[in-house]
Amino acid sequence: MTRHRRGPSTHVLVAGTEHDLRVLRTLVAALPADAFGQILLETPLAAGMPALVAPERVSVQWLPRPEGAIAGARLAESLAGWAREWLVDGDRDLLDCHHLFIGAAGLRPVQIVREVLFVDTCPHVESLGDIAVTLPAPGALPG
């Protein structure tokens, strides 16, 4: 029996804050049922955990932000941790299989992490704000 190695699948990372929730929900609804990846969502602790339906292989991690904390700091920390785990230096095939959608526009901690860890490393990084008006039909995004 001959085994064929499957190429890497697209790994989706969607990250944002409560201000990105509307576009984030629309984006997640557009993911195919077989998509895999993570959603990182920072929201105020007082707001509670918003309901978010995602494909079975896409985990949702809620990042509660205590009152008075710097907005975007928990999200930036989680993005840095994600990069350490998933972006492997020198493996171009692996780097090409990630598709990142990062929100939190204007939040300095997230902007720094995005610029330092993702823009030059991962070729498929999009802003949630930029895609808000061009989202495809449900199930049309790579998975």
Side-chain angles (χ1 to χ4, degrees), residues 4-143:
H4 297 282
R5 183 172 181 259
R6 257 181 93 200
S9 298
T10 300
H11 182 156
V12 177
L13 172 68
V14 182
T17 67
E18 70 276 11
H19 301 292
D20 301 306
L21 199 51
R22 183 191 61 76
V23 69
L24 194 143
R25 281 189 172 121
T26 304
L27 173 66
V28 171
L31 293 173
D34 64 347
F36 81 99
Q38 292 81 27
I39 298 169
L40 305 174
L41 180 59
E42 180 184 306
T43 61
L45 187 58
M49 188 170 150
L52 188 60
V53 177
E56 183 179 346
R57 298 181 333 142
V58 177
S59 67
V60 179
Q61 183 176 1
W62 179 56
L63 308 167
R65 181 176 61 245
E67 187 175 329
I70 297 171
R74 298 244 10 235
L75 183 59
E77 181 182 332
S78 293
L79 285 168
W82 184 93
R84 283 190 301 275
E85 181 177 354
W86 289 99
L87 297 181
V88 179
D89 287 337
D91 191 339
R92 189 79 246 159
D93 288 340
L94 186 59
L95 293 177
D96 284 342
C97 75
H98 297 296
H99 204 116
L100 286 56
F101 300 92
I102 302 176
L107 297 181
R108 190 71 181 136
V110 176
Q111 286 177 335
I112 291 169
V113 168
R114 180 184 167 142
E115 290 169 13
V116 171
L117 295 179
F118 298 117
V119 171
D120 292 332
T121 305
C122 190
H124 309 290
V125 181
E126 296 185 51
S127 167
L128 283 178
D130 292 345
I131 65 164
V133 294
T134 61
L135 284 172
L141 288 177

Practice item. Before giving the answer on side chain to side chain contact (heavy atoms under 4.5 Å, CB included), spell out for L24 and L52 the whole-Å C-alpha distance, their side-chain angles and the decisive distance to 0.1 Å. Key: CA-CA 9 Å; L24 194 143; L52 188 60; 3.5 Å; yes

Check your understanding: Atom OG in S78, atom CG in L40: separation rounded to 0.5 Å?
Key -> 5.5 Å

Review point. Considering residues at least two apart in sequence or located in another chain, which fulfil the side chain to side chain donor-acceptor pair (under 3.5 Å) criterion with T43?
Key: W62

Check your understanding: About how many Å separate OG of S127 and CD1 of I102, when rounded to the nearest 0.5 Å?
Key -> 9.0 Å

**Study point:** Distance (rounded to the nearest 0.5 Å) between R57 CZ and L31 CG
**Key:** 11.5 Å

Point to revise | Any donor-acceptor N/O pair, R25 side chain to A51 backbone, under 3.5 Å | key: yes

**Study point:** Validation row: V53, V28 side chains within 4.5 angstrom (heavy atoms)
**Key:** no

**Study point:** Carboxylate-amine/guanidinium contact R65 E42, below 4.0 Å
**Key:** yes

Exercise for review: Please name the pair of heavy atoms, one in A76 and one in P109, separated by the smallest distance, quoted to 0.1 Å.
Suggested key: CB-O, 3.4 Å

Review point. Where is the tightest heavy-atom contact between V110 and G103, given as atom of each residue plus distance?
Key: CG1-O, 3.8 Å

Review point. Is there a side chain to side chain contact (heavy atoms under 4.5 Å, CB included) between L117 and L79 once you walk through the steps?
Key: CA-CA 9 Å; L117 295 179; L79 285 168; over 6 Å; no

Review point. Should the heavy atoms of other residues, nucleotides or ligands under 6.0 Å from CD1 of I70 be counted, would the total exceed 12?
Key: no

Check your understanding: For the residue pair H11 and W86, does the interplanar ring angle fall in the parallel (under 30°), tilted (30 to 60°) or perpendicular (over 60°) class?
Key -> perpendicular

Practice item. Quick one: pull up CG in L21 and OG1 in T26 and give me the separation to the nearest 0.5 Å. Key: 9.5 Å

Point to revise | E77, CD: over 12 other non-hydrogen atoms inside 6.0 angstrom | key: no

Review point. Where do V60 and A54 come nearest, in terms of heavy atoms and distance?
Key: CG2-CB, 4.0 Å

**Study point:** Considering all heavy atoms, the nearest A15-L75 contact
**Key:** CB-CD1, 3.8 Å

Revision key, fill the gap. Distance col, row W82:CH2 vs L13:CG, nearest 0.5 angstrom, shows 5.0 Å

Practice item. Look up atom CG in D20 and atom CZ in R22, then write down how far apart they are to the nearest 0.5 Å. Key: 10.0 Å

Review point. Is the closest side-chain heavy-atom distance between L27 and V14 below 4.5 Å?
Key: yes

